[in-house]
Amino acid sequence: MREKRQLAVVVVLLVVMGSLTYVALIAFVIRPITRMAAVSDKIASGDLAERVEVPSSDEIGLLAQSFNEMLEGLRALARELRMAGGQLSG
């Protein structure tokens with residue numbers, strides 16, 4: 001009988017630990033990537049005003065930082081194209 005209780009406690013602990021791992025995975029990995037995907041959809045439709053905010057310095061944070069730097073490069077290119085277009089028409 002005691003062995004069954006111990007087994008039940010172990011199973012419950014494993015389920016709790018698995019649930020906590022799942023919540024952490026969603027909070028720290030999946031949610032930031034989902035935000036970057038949403039921003040990239042807006043960028044693809046021409047909206048360069050967006051920015052990804054990920055307050056971490058792990059790999060996901062570095063990816064977001066690189067994403068924002070790429071976005072700033074696109075904004076600069078768009079400004080240059082507008083200026084060049086204005087020079088051609090003016």
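- Interatomic distance, Ser40 OG to Met70 CE, rounded to the nearest 0.5 Å: 8.0 Å.
- The two residues Leu48 and Arg75 come nearest to each other via the heavy atoms O-NE, 2.5 Å.
- Here the straight-line distance linking atom CG of Leu63 with atom CG of Asp58 works out to 10.0 Å at 0.5 Å rounding.
- Nearest heavy atoms, Ala27 versus Pro32: O-CD, 3.6 Å.
- Within 6.0 Å of CD in Glu59 there are 12 or fewer heavy atoms belonging to other residues, nucleotides or ligands.
- No chain of hydrophobic side-chain contacts below 4.5 Å, direct or via other Ile, Leu, Val, Met, Phe, Trp or Tyr residues, connects Ile43 to Leu77.
- If you take CG on Leu7 and CZ on Arg5, they are separated by 13.0 Å, rounding to the nearest 0.5 Å.
- For Val52 against Asn68, the heavy-atom pair with the smallest separation is O-ND2, 2.7 Å.
- Using a 4.5 Å heavy-atom cutoff, the side chains of Arg51 and Val39 are not in contact.
- Residues Tyr22 and Leu13 do not share a hydrophobic cluster, clusters being chains of Ile/Leu/Val/Met/Phe/Trp/Tyr side chains in contact below 4.5 Å.
- Minimum heavy-atom separation, Ser57 to Leu62: O-CG, 4.2 Å.
- Summarising the local packing, CD of Glu3 is surrounded by 12 or fewer heavy atoms from other residues, nucleotides or ligands at distances under 6.0 Å.
- Across all non-hydrogen atoms, the minimal contact from Arg35 to Glu53 is NH1-O, 2.9 Å.
- Taking hydrophobic clusters as Ile, Leu, Val, Met, Phe, Trp and Tyr residues chained together by side-chain heavy-atom distances below 4.5 Å, Ile33 shares a cluster with Leu25.
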